[in-house]
Visitor: 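Dropping the structure in here first, questions after.
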Amino acid sequence: MQVPAGPKGTRDFYPDDMALREAIFSSWRSTCGRYGFEQFDAPMFEHLDLYTQKSGDEIEKQLYVFQDKAGRSLALRPELTPSLARMVAAKGNNLKRPVRWFSIPRLFRYEKMQKGRLREFFQLNMDILGVAEATADAELIAASVDMMRDLGFTARDFGVHVSSRALMEQLFLALGVPAEKLPSLYGVLDKRNKISKEEFNAELAAAVSPAASPSAVAEALSVTSLADLEKVGGPLPAAGELQQLFSYLGTYGMDEFVSFDIGVVRGLAYYTGIVFELFDAARSLRAIAGGGRYDKLVKLYGGPDTPAVGFAAGDVVLGEMLLQKQFTAGNRRSNVFLISLDERHPENAIRTATLIRHAGISCEFSLRKTGVGKQMEQANAARSLLAVFVGGEEEKGGSVRVRNMKSGEEDLIDRRELVSRLAKLLSA
RNA sequence: GUGGCUGUAGUUCAAUAGGCUAGAGCUCUGGAUUGUGGUUCCAGUGAUUGCGGGUUCGAGCCCCGUCAGCCACCCCA
């Protein structure tokens, strides 16, 4: 290859790719707008401490770290939530609650790449801060579903899997699992779908015995409804909270999208309550989106005690799903394309284009001196709706020929009325 | 970070068992059509077979390295 490749894990956005990206972004912005979220952004790089302080040094391997000229350790942002928590903490109590913010950050993670996982990507982040009730969780889950519907997906394409960190903790403690065993148990649980049943049972037994009965834990993990869960683990306070959440979601009309799934764990340490993930129906891709409650993070960064819940959806998996659905960009580049009949002299086309553009109509003409047939091809490439022939015989009689590129119909239009007639034709 | 698979025009794929000048569709450019696009027909541009080294009389094919991509782990904010 003579052409140098871009860095590993990055993408080039050619116009077709950019059209897909913009389709996703504008859908995201429109959904957030309907839910009354305000957009914000944060720096693309932060002090390394912001990330290590929360997750330990281990995370540094996943970060793009560099020193600036003063020797400060900085990192390209791998996620937005720490910046958000920092920004909210910095405002202290000066920020009107609840905060309903969204952002579409460009993020960087130094990772081994796989399908649906790159080193540079975008996310939609939606967060509500200052609300402890499940209404906020329900609002965000509903927004995530609407985000998918806005992109054209239905309940046949994806589902929301909901669980609760608090619920699991209460359940396992009730079953006799010691508190210090919980992290390793979550680890086993997280890979349940990836390993065989035998392996799972063996790892489960290793994680909970002898304090708790592996079979009791396994039984608890096999339940598919909250009601069944209480039969196994007894009354659990967090179950009531989840029930309330599902009740709200039913009122939102979300029943066909959401389900209780005790297998949803989420890797992040900072989640404290309800957690949820969106998956494609076939579960052949990575998670579309994921989120949950992180009630302690703002305080961790020195801010006021602020309950918070949020989710993030990546652009990579969504893009793959849209392409599978035969998404076609097909954006119109220009509405009007001028065909110069006196192709040696572009002045007429330049003057006419200027007139049309001043009226707010997108317009192009051939920048190369070439035949009418070729100019028509260029009009096609621009996906123009109308072709306007300038500089021909008709113009001597005070009119110009306008051709509808779709139907092939042509009209003679008075030269002086050209712009207003074009506007009318385009609005029809 | 670990293991496996793959790498041929811009793109999708060919090339008997290692054997002459590495082929084709699509795309792109030009022409048929110097005042009319999409269809069709014709022609052309375009590859030091990812890169570097090795084995061989001879390598797209075999070996080593490297880079890139895919898959499974690890991780997943």
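Only this structure's heavy atoms are used, side chains among them; waters, hydrogens and symmetry mates stay out. Naming: A, B, ... by sequence-line order, numbering from 1 per chain.
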Visitor: Using the P atom as the point on both nucleotides, what is the distance between B/G46 and B/A22, in whole Å?
Guide: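 Nearest-Å result for B/A22 against B/G46 at atom P: 14 Å.
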Visitor: More than 12 foreign heavy atoms under 6.0 Å from OH of A/Y64: is that the case here?
Guide: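 It does: A/Y64 OH has more than 12 such atoms within range.
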Visitor: If the C1' atom of B/U29 is compared with that of B/A72, how far apart are they to the nearest Å?
Guide: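 B/U29 and B/A72 have their C1' atoms separated by 45 Å.
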Visitor: Rounded to whole Å, please give me the gap between CZ in A/F311 and C1' in B/A77.
Guide: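 Rounding to the nearest Å, CZ of A/F311 and C1' of B/A77 are 15 Å apart.
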Visitor: Quick test of your reading: applying salt bridge (charged side-chain N to carboxylate O under 4.0 Å, His left out), list the pairs with at least one residue in residues 100-112 of chain A, sequence neighbours left out, ordered by first then second residue.
Guide: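 The answer is A/R100-A/E139, A/R106-A/E120, A/E111-A/R117.
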Visitor: Taking atom P of B/U33 as reference, at what distance in whole Å does atom CD1 of A/I339 sit?
Guide: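 These atoms are roughly 20 Å apart.
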Visitor: Name the nucleic acid region contacted by A/G371, choosing base, sugar-phosphate or nothing; use a 4.0 angstrom heavy-atom cut-off, strictly under.
Guide: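 Counting heavy atoms under 4.0 Å across all strands, no contact is made by A/G371.
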Visitor: In terms of the nearest nucleotide of RNA chain B, which residue is placed more toward the 5' end: A/L80 or A/K8?
Guide: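 This one resolves to A/K8.
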Visitor: For the C1' atoms, the ones on B/C13 and on B/C51, what distance do you get once it is rounded to whole angstrom?
Guide: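 The same atom, C1', in both gives a distance of 23 Å.
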Visitor: Considering only the C1' atoms, how many Å lie between B/C67 and B/U49, rounded to the nearest integer?
Guide: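 It works out to 16 Å between them.
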Visitor: Among residues two or more places apart or on two chains, list those pairs meeting salt bridge (charged side-chain N to carboxylate O under 4.0 Å, His left out) that have a residue in residues 42-52 of chain A.
Guide: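 Checked against salt bridge (charged side-chain N to carboxylate O under 4.0 Å, His left out) - neighbours excluded - the pairs reaching residues 42-52 of chain A are A/E46-A/R86.
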Visitor: Side chains of A/D146 and A/Y252: do they bring a donor and an acceptor to under 3.5 Å?
Guide: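 No - no donor-acceptor pair under 3.5 Å links their side chains.
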Visitor: On the 0 to 90° scale, with breaks at 30° and 60°, tag the A/W101-A/F40 ring pair as parallel, tilted or perpendicular.
Guide: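 Geometry flag for A/F40 against A/W101: tilted rings.
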Visitor: Output all residues satisfying side-chain contact (heavy atoms from CB on, under 4.5 Å) with A/R29, sequence neighbours left out; order by chain, then residue number.
Guide: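 side-chain contact (heavy atoms from CB on, under 4.5 Å) list for A/R29, sorted by chain: A/E22, A/F25, A/S26, A/Q39, A/F102, A/I104.
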Visitor: Under the rule for salt bridge (charged side-chain N to carboxylate O under 4.0 Å, His left out), what residues qualify as partners of A/R34, not counting sequence neighbours?
Guide: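 Applying salt bridge (charged side-chain N to carboxylate O under 4.0 Å, His left out) to A/R34 gives A/D150.
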Visitor: May I have the distance from A/R368 (atom CZ) to B/G30 (atom P), rounded to whole angstrom?
Guide: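 Computing the A/R368:CZ to B/G30:P distance gives 6 Å.
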Visitor: Provide the distance between the two P atoms, one in B/A47 and one in B/G4, to the nearest whole Å.
Guide: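 Each nucleotide's P atom is 35 Å from the other's.
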Visitor: Pairs counted as Watson-Crick or G-U wobble with both distances under 3.5 Å: what dot-bracket string results for RNA chain B, using | for bases tied to another strand?
Guide: (((((((..((((.....[...)))).(((((.......))))).....(((((..]....))))))))))))....
Visitor: Which of residues 98-115 of chain A have a heavy atom under 4.0 Å from RNA chain B?
Guide: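 Listed by number, they are A/R109, A/E111, A/K112, A/M113, A/Q114, A/K115.
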Visitor: Assign a letter to each nucleotide of nucleotides 36-44 of chain B from its 5' end: B, base within under 4.0 Å of a protein heavy atom; S, sugar-phosphate only; -, no contact.
Guide: BBB------
Visitor: List the residues meeting side-chain contact (heavy atoms from CB on, under 4.5 Å) with A/A382, not counting sequence neighbours, and say none if there are none.
Guide: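 Only A/R333, A/F337, A/E364, A/S384 meet the side-chain contact (heavy atoms from CB on, under 4.5 Å) criterion with A/A382.
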Visitor: Can you pull the side-chain hydrogen bond (donor to acceptor under 3.5 Å, both in side chains) pairs that have at least one residue in residues 305-322 of chain A, sequence neighbours excluded?
Guide: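 Those involving residues 305-322 of chain A are A/R11-A/D315, A/R97-A/T306.
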Visitor: Using atom P of each nucleotide, how far apart are B/G60 and B/A15 to the nearest Å?
Guide: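 Roughly 15 Å separates the two P atoms.
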Visitor: Assign A/Q375 to base, sugar-phosphate, or nothing according to its heavy-atom contacts below 4.0 angstrom with the strands shown.
Guide: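 The answer is nothing, as A/Q375 stays clear of every strand by at least 4.0 Å.
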Visitor: Roughly, in whole Å, what's the span from CZ in A/R117 to P in B/C70?
Guide: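 Answer to the nearest Å: 12 Å.
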Visitor: For A/R119 and B/A77, give me the distance from atom CZ to atom P, rounded to whole Å.
Guide: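 These atoms are roughly 18 Å apart.
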Visitor: Is it the case that the side chain of A/D295 and the backbone of A/A308 share a donor-acceptor pair, with hydrogens and angles ignored and the cut-off at 3.5 Å?
Guide: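 Side chain of A/D295 to backbone of A/A308: a pair is present.
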Visitor: Applying salt bridge (charged side-chain N to carboxylate O under 4.0 Å, His left out), name anything that partners A/R351, two or more places apart in sequence or on another chain.
Guide: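 Listed in chain order: nothing, the list is empty.
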Visitor: Please report the distance separating the P of B/U2 from the corresponding atom of B/U66, rounded so that it comes out in whole Å.
Guide: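 After rounding to an integer number of Å, I get 11 Å for this pair.
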Visitor: What does A/G9 touch in the nucleic acid at a heavy-atom separation under 4.0 angstrom: a base, only the sugar-phosphate, or nothing?
Guide: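 Sugar-phosphate contact only - A/G9 comes under 4.0 Å of backbone atoms but never of a base.
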Visitor: Taking B/G44 as the reference, what is the distance to B/C63 when you measure between their C1' atoms (whole Å, please)?
Guide: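 Straight-line distance between the two C1' atoms is 40 Å.
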Visitor: Once side-chain hydrogen bond (donor to acceptor under 3.5 Å, both in side chains) is applied, do any residues pair with A/E410, and if so which ones, sequence neighbours excluded?
Guide: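 Here the qualifying residues are A/R401, A/R403.
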Visitor: Please identify each residue that fulfils side-chain hydrogen bond (donor to acceptor under 3.5 Å, both in side chains) with A/D41, with sequence neighbours left out.
Guide: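 By the side-chain hydrogen bond (donor to acceptor under 3.5 Å, both in side chains) rule, A/D41 matches A/R77.
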Visitor: Whole-Å distance between B/A72 P and A/R286 CZ?
Guide: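 The answer, rounded to whole Å, is 8 Å.
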